[in-house]
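Numbers restart at 1 for each chain; the letters A, B, ... are given by sequence-line order, proteins then strands.
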Amino acid sequence: MPSEFEKPYDPKTVEPEIYKKWEESGFFNPDKLSSKKSKPFTIIMPPPNANGALHIGHAVFVTLQDIMTRYQRMRGKKALWLPGADHAGFETQVVYDKKLEKEGRSRFKIPRDELWKEMWDFTEENKKVMENQLRKLGASCDWSREKFTLNPDIIETVYDTFKKLYDDGLAYRDNRIVNWCTKHQTTLSDVEVKYIEKKDPLYYIKYGPVTLATVRLETKFGDTAVAVHPKDKRYKNLIGKEIEIKTLLGPTKIKVIGDEIVDPEFGTGVVKVTPAHDPNDFEIWKKHKDEIPGPRSVIDQYGRMDLSAFIDRENAKKYHGLKVMEARKLIEEDMQKEGLMEKIDQEYTHTVATCYKCGAILEPRILPQWFIAMTKPIGKTKKSLRDLGVETVKKGEIKFLPSRMEKIYMHWMKNLRDWNISRQIVWGIRIPAWYRGKEIYVGKENPSGEGWEQDRDVFDTWFSSGQWPFAALGYPGSKDFKNFYPTDVMETGWDILFFWVARMVMLGKYRTGKMPFRTIYLHGLVRDKDRQKMSKSKGNVIDPLGVSELYGTDAVRMALIIGNTPGNDVVISEEKIRGYRNFANKIWNASRFVITHTKTPPEKNKVKYASKDKEMLKKLSNTSKDVTKHMEQCRFYQAAETLYHFFWHFYADKVIEEMKERLTFEDGTAEKETAKALLLEFHFTLMKLLHPFMPFITERVWQELNLNNRTLLMIETWPQP
RNA sequence: GCGCCCUUAGCUCAGUGGUAGAGCGUUCCCUUGACAUGGGAAAGGCCAGAAGUUCAAUCCUUCUAGGGCGCACCA
């Protein structure tokens, strides 16, 4: 026994050596694996955002996906786990904005090209860090196929998809009311909006002959109409008429319209219509375009009052330039002075749209943006993107784990609205659209001719990552696409079911005609032992690399997988990791025992299993069967727990103890040789079964067990149950 | 409003149509030659409540209570 095979187990020295051995063997690459006949098994790694180090949540997906990949590889499949990194558009922009802020700089003052270059270097650096972290976590992914979402070939695929959507009439540019974050100076899609409950004063204000209720007092300058329910007896006679109202900017006239959207029960049953600053009002205006004036914007991109259009009117200068909330307060006071305020309900609670990143209240604005039509039929097929997404799942082409996520997916699909894919940031794939007057050109190459100007916006990062499975495999022309698509499993967090998974299904189906993956495995969020979400601000984060260094990667992986059922959050604590560090040590010590006693291999002709031995072996094969069944059904947590229990409380506690006496017999006796054979049988099998979960220690032990025929455990055959 | 989920040992969670398991924690014993990052033993649960289906329910159905979450609307 080599000197380093001592107690206790020291992962720090073992792990880097083992990983190097694996990587140099080339077997992470499925092309190097076995015969041509074997089936492929593909997982495309959800590309981590290249804007920081990996956190414990990443370690969860690494563990799960590596378990699947290693298992399938041992089952003889051509296992491909394709790694990647995401430029993560807006997310990275936010991270980088913060960095700039600390340095006393602002992205709005840096030329586009310069900022791009800086951010490119920033992500490149992060990528390198991440790659090494993935290695430390034991990820058996094929580095030769690694992709970045800003690789030229990926961008080309994304451009092609956009062009196709445009040609099919699904991608369109329109002036519509969108979610605007005044801090980040960009629009956000509907899924990026976080709704919060908020208590705000509800103002009952006098508009000539009627009184109406509103929270957004400051938008009154942008009113273009007043709406009531068409059947509301109280106001029926006013519909279609202009009413004269007193405002803080002097008297004016405004039209009353009837629309069913108005709830007669709410407030006074009268609504002011401000199409420039309210999504509903925008819809009302679209319906009543012929009757009422167009949207009148009174708030600018920074969330300040912009009354330039009324600047000659009395008082206009007073409010012009004020922040929304300041303006609201002042208008409240002034209206009270003028006797225009009937009452104020201070107990009114409603939900407001906020930016999911910074929490700032979003300011709806009308802007020219690119949208993807989600419900519009595509050409002759008469099917919309939504139809594709719904159908694929309904037909069972994609299996959800846990299955209840399918319902959530369907429910979301039902409420789909068109997707705003324009972002007013620098970091991302720039939209390949050019304008010249009213002409629009969409294409991969710059248009010919003079006077074209490219759209300044970039794509929503989820638009490109929504194409990741086929893009990363080199669609359409590559061999990899032919061999490995559709992929087998997509494994990611349930929190991005809508952001990412739904989009991948729709875009994958749309572009390639096939679903992007057969199974979608959704893991939960990592929480600490008090069930709190881990976050830097709470100071309860566990750094996966830190604990790996301390307790060993195998222990961390076990702690992350046990108790980790699909769709449910995972609770992890250092105590739990320590528990599995003890288990690793147990494996190590049991291995030391077996190895010392089997230095001379058992003499096969002397081996005679007694009925009790056979019983034990039967238990082993039953366990093997159970574990395999769990693996096949993606119940990795069960497989891991079964193995843990079996190794410790049956194999170590019972079998090894039982064999100790027999090992005191002379060499060459049936007792001793049988004991050796039995121990080896157990050990070989258990190392294999444990390998997907605890790859490092099992591989290291394997190297000692397999003295004559030195192969890698990583590519050994999974035990036949 | 529409929809999803949870309620099992002190804690965190598994699980099964035939009256329950793990880890951690707790108590007691043991430094025996793989292992004290250990071994052995033990305590601890009418599986939220009620009704129904069934020969049989913690597991299926319905309702109730408490908790979590998603979506939509909100003037």
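- The heavy-atom pair separating A:V14 from A:F696 by the smallest distance is CG1-O, 4.5 Å.
- For A:K414, the side-chain contact (heavy atoms from CB on, under 4.5 Å) test picks out no residue, with sequence neighbours left out.
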Nucleotides 58-63 of chain B: which of its N/O atoms have a protein N/O under 3.5 Å away?
none

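- There is no side-chain donor-acceptor pair under 3.5 Å between A:S624 and A:K688.
- Across B:rU61 and B:rA22, the matching C1' atoms stand 30 Å from one another, rounded to whole Å.
- Comparing the C1' positions of B:rG18 and B:rG23 gives a spacing of 28 Å, expressed to the nearest Å.
- If you run side chain to side chain donor-acceptor pair (under 3.5 Å) between A:D232 and each of A:K236, A:R234, A:H229, only A:R234 comes through.
- RNA chain B lies under 4.0 Å from at least one heavy atom of each of the following residues of residues 398-417 of chain A: A:R404, A:K407, A:I408, A:H411, A:N415, A:R417.
- Proximity note for A:F498 (side chain, C-beta onward) versus B:rC35, B:rA75, B:rG70: the nearest is B:rG70.
- A straight line from CZ of A:F593 to C1' of B:rG38 spans 15 Å, rounded to a whole angstrom.
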Carefully, step by step, assess A:D460 and A:N420 under the rule side-chain hydrogen bond (donor to acceptor under 3.5 Å, both in side chains). CA-CA 8 Å; A:D460 179 353; A:N420 173 8; over 6 Å; no
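- Counting to the nearest Å, the P atom of B:rC73 and the CD atom of A:E283 are 10 Å from each other.
- Rounded to whole Å, the separation between the P atoms of B:rA14 and B:rA50 comes to 24 Å.
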Each nucleotide in nucleotides 22-31 of chain B should get exactly one letter: B, S or -. Can you fill that in based on protein heavy atoms under 4.0 Å? SS--------
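- Of the possible polar contacts, none joining the A:K586 side chain to the A:F647 backbone as a donor-acceptor pair under 3.5 Å is found.
- Sorted by first and then second residue, the salt bridge (Lys or Arg N to Asp or Glu O under 4.0 Å) pairs with a member in residues 206-230 of chain A read A:R216-A:E218, A:R216-A:E363, A:E218-A:R328, A:D223-A:K272; sequence neighbours excluded.
- The gap from the C1' atom of B:rU37 to that of B:rG10 amounts to 24 Å, rounded to the nearest Å.
- Distance, A:I656 CD1 to B:rG40 P: 12 Å, rounded to whole Å.
- Ring to ring, A:Y644 and A:Y580 are close: their centroids are under 6.0 angstrom apart.
- For residues 626-648 of chain A, the pairs satisfying salt bridge (Lys or Arg N to Asp or Glu O under 4.0 Å) are A:R75-A:E632, with sequence neighbours left out.
- One atom, CD of A:E661, and another, C1' of B:rU32, lie 14 Å apart when rounded to the nearest Å.
- Every residue two or more places apart in sequence or in another chain that forms a ring-ring contact (aromatic ring centres under 6.0 Å, His included) with A:F371 is listed here: A:Y172.
- Nearest-nucleotide positions on RNA chain B place A:D190 closer to the 5' end than the other of A:D190 and A:V270.
- The distance from atom CG of A:N568 to atom C1' of B:rG67 is 15 Å, rounded to the nearest whole Å.
- Residues A:A227 and A:Q638 each lie close to RNA chain B; by heavy-atom proximity, the contact nearer the 5' end of the strand is made by A:Q638.
- Among the protein residues, A:V262 comes within range of the nucleic acid bases, having at least one heavy atom under 4.0 Å from a base atom.
- Residue A:P8 has its side chain nearest to B:rU37 when only B:rC71, B:rA34, B:rU37 are considered.
- Remark: P of B:rG21 and OH of A:Y637 are 18 Å apart, rounded to the nearest angstrom.
- Taking the C1' atom of each, B:rU16 and B:rG21 are spaced 10 Å apart, rounded to whole Å.
- A donor-acceptor contact shorter than 3.5 Å is absent between the side chain of A:D569 and the backbone of A:G524.
- The base of B:rU37 sits with one of its N or O atoms less than 3.5 Å from a complementary donor or acceptor on the side chain of A:R581.
- Proximity of residues 191-215 of chain A to RNA chain B (heavy atom under 4.0 angstrom from any strand atom) is restricted to A:Y195, A:L202, A:A213, A:T214, A:V215.
- In this structure, the CG atom of A:L497 is 15 Å from the P atom of B:rC4, given to the nearest Å.
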Is there a ring-ring contact (aromatic ring centres under 6.0 Å, His included) between A:H683 and A:Y651? Walk through the geometry before answering. CA-CA 9 Å; A:H683 228 77; A:Y651 177 51; 5.6 Å; yes
Please, what dot-bracket string fits RNA chain B when only Watson-Crick and G-U pairs with both distances under 3.5 Å count, crossing ones use [ ] and pairs to another strand use |? (((((((..((((.......)))).(((((.......))))).....(((((.......))))))))))))....
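- The main-chain N or O of A:T211 is found under 3.5 Å from a side-chain atom of A:T268 such that the two form a donor-acceptor pair.
- Of the listed nucleotides (B:rC35, B:rG15, B:rA75), B:rA75 has the atom at the smallest distance from the side chain of A:D278.
- Between the C1' atoms of B:rU19 and B:rC55, the separation comes to 15 Å (whole Å).
- Nucleotides B:rG44 and B:rA9 are separated by 14 Å at their P atoms, to the nearest Å.
- For residues 654-665 of chain A, the pairs satisfying salt bridge (Lys or Arg N to Asp or Glu O under 4.0 Å) are A:K612-A:E658, A:D613-A:R662, A:E657-A:K660, with sequence neighbours left out.
- For the pair A:Y235 OH and B:rA75 P, the computed distance is 17 Å after rounding to whole Å.
- Using a 3.5 Å distance cut-off with no hydrogens or angles, the side chains of A:D200 and A:H350 do pair a donor with an acceptor.
- Although no hydrogens or angles enter the test, the distance criterion places no donor-acceptor pair under 3.5 Å between the side chain of A:K255 and the main chain of A:I292.
- Nucleic acid contact class of A:T565 (heavy atoms, under 4.0 Å, all strands): sugar-phosphate only.
- Distance noted for atom C1' between B:rA56 and B:rA43: 30 Å (whole Å).
- With sequence neighbours left out, the ring-ring contact (aromatic ring centres under 6.0 Å, His included) criterion links A:F650 to A:F646.
- Applying the side-chain hydrogen bond (donor to acceptor under 3.5 Å, both in side chains) rule to pairs touching residues 402-412 of chain A yields A:R404-A:N568, sequence neighbours excluded.
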